[in-house]
Amino acid sequence: MTSPSGRPLNPLHLLAAFGTGGLLTLMVHFNGELGRYGNALFSSWAAHGTGTVAALVMLAILNPWRNRNVGTKPRAPLWAYLGGISGGVTVILTSFTVNSPLALSGTLALGLAGQVVFSIVADRWGLFGLPMRRPDRRDLAAMALIFAGSALIILFGRDSA
């Protein structure tokens with residue numbers, strides 16, 4: 001199995017990406033619960049506060065084993081620091097929508113659709129330093145299937161009770 005770049009796919013990377021999807025689902029659910037008992041802004045503050053503490057603990061645990069022989073890395077572009085802003089807005093929006101009739105599955109389905117659309121656009125125009133890549137029929141077919149699946153979840157996946 002190879003990637004579009006021709007390099008072999010690492011099964012560990014595939015498993016990590018799949019696991020990330022599960023963790024994202026847990027995060028959206030937990031943040032939605034915080035939003036239901038407080039509000040979406042509180043949910044974002046709480047999520048990022050606990051995330052900061054978790055990151056500091058992980059840094060303290062993993063830092064002694066860091067390879068210190070690595071040369072100096074170039075500085076990240078300023079736009080790379082905007083991930084925190086998009087993360088905060090994402091938590092606020094998902095905390096709001098997961099407590100709507102969309103529920104968890106509809107929120108995640110439309111979220112996946114939004115991720116795919118933005119990634120195809122970003123690839124097409126090489127946004128944020130990505131290599132430019134024209135979408136092909138497989139990309140468009142995958143996007144259509146994701147939208148169809150999202151529609152099935154949202155329009156027909158509701159419990160009749």
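Every value quoted in this text rests on a predicted model; they were computed, and no experiment measured them.
Across Ala113 and Ile146, no two heavy atoms sit closer than the pair CA-CG2, 3.8 Å. Here the shortest heavy-atom pairing between Phe118 and Phe128 reads CZ-CE1, 3.9 Å. Considering every non-hydrogen atom in both Ala46 and Leu34, the closest pair reads CB-CD1, 3.7 Å. Across all non-hydrogen atoms, the minimal contact from Gly35 to Asn99 is C-ND2, 4.0 Å.
At least one donor-acceptor pair closer than 3.5 Å links the side chain of Asn31 to the backbone N or O of Met27. Proximity of a side-chain donor or acceptor of Thr90 to a complementary backbone N or O of Ser86 within less than 3.5 Å is detected. The closest donor-acceptor contact from the side chain of His48 to the backbone of Ser44 lies under 3.5 Å.
Between His29 and Val98, the closest side-chain pair of non-hydrogen atoms is not below 4.5 Å.
Separation of atoms CD1 (Ile154) and CZ (Phe147) is listed at 10.0 Å; rounding is to 0.5 Å. Distance OG1/Thr50 to CZ/Phe30: 10.5 Å, rounded to 0.5 Å. With rounding to the nearest 0.5 angstrom, the CG atom of Leu140 is 6.0 Å from the CD1 atom of Ile120. To the nearest 0.5 Å, the span separating CG on Leu24 from CD on Gln115 amounts to 6.5 Å. Atom OG of Ser105 sits about 11.5 Å away from atom CG of Leu152, to the nearest 0.5 Å. Rounding to the nearest 0.5 Å gives a distance of 12.5 Å between CG of Leu112 and OG1 of Thr107.
By the 6.0 Å contact criterion, CG on Leu78 is open, its count of non-hydrogen atoms from other residues, nucleotides or ligands being 12 or less. Environment of CE in Met58: sparse, with no more than 12 heavy atoms of neighbouring residues, nucleotides or ligands closer than 6.0 Å.
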Output, in order, the C-alpha distance, side-chain angles, deciding distance and verdict of side-chain contact (heavy atoms from CB on, under 4.5 Å) for Val91 and Ser95. CA-CA 6 Å; Val91 171; Ser95 296; 4.0 Å; yes
Evaluation steps, side-chain contact (heavy atoms from CB on, under 4.5 Å), between Arg124 and Met132: CA-CA 5 Å; Arg124 171 65 180 98; Met132 290 178 69; 4.3 Å; yes
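Under the 4.5 Å side-chain heavy-atom criterion for Ile, Leu, Val, Met, Phe, Trp and Tyr, Trp125 and Leu82 are members of the same hydrophobic cluster. The cluster map of Ile, Leu, Val, Met, Phe, Trp and Tyr, joined by side-chain heavy atoms under 4.5 Å apart, puts Leu23 and Leu104 in different clusters. Residues Leu62 and Val57 fall within the same hydrophobic cluster, defined by Ile, Leu, Val, Met, Phe, Trp and Tyr side chains chained together at heavy-atom separations under 4.5 Å. Criterion: ILVMFWY side-chain heavy atoms under 4.5 Å apart, direct or through other members. Under it, Phe96 and Ile85 are not part of a common hydrophobic cluster.
Look at Asp139 and Arg134 and you find no salt bridge, because none of the NZ, NE, NH1 or NH2 atoms lies under 4.0 Å from a carboxylate O.
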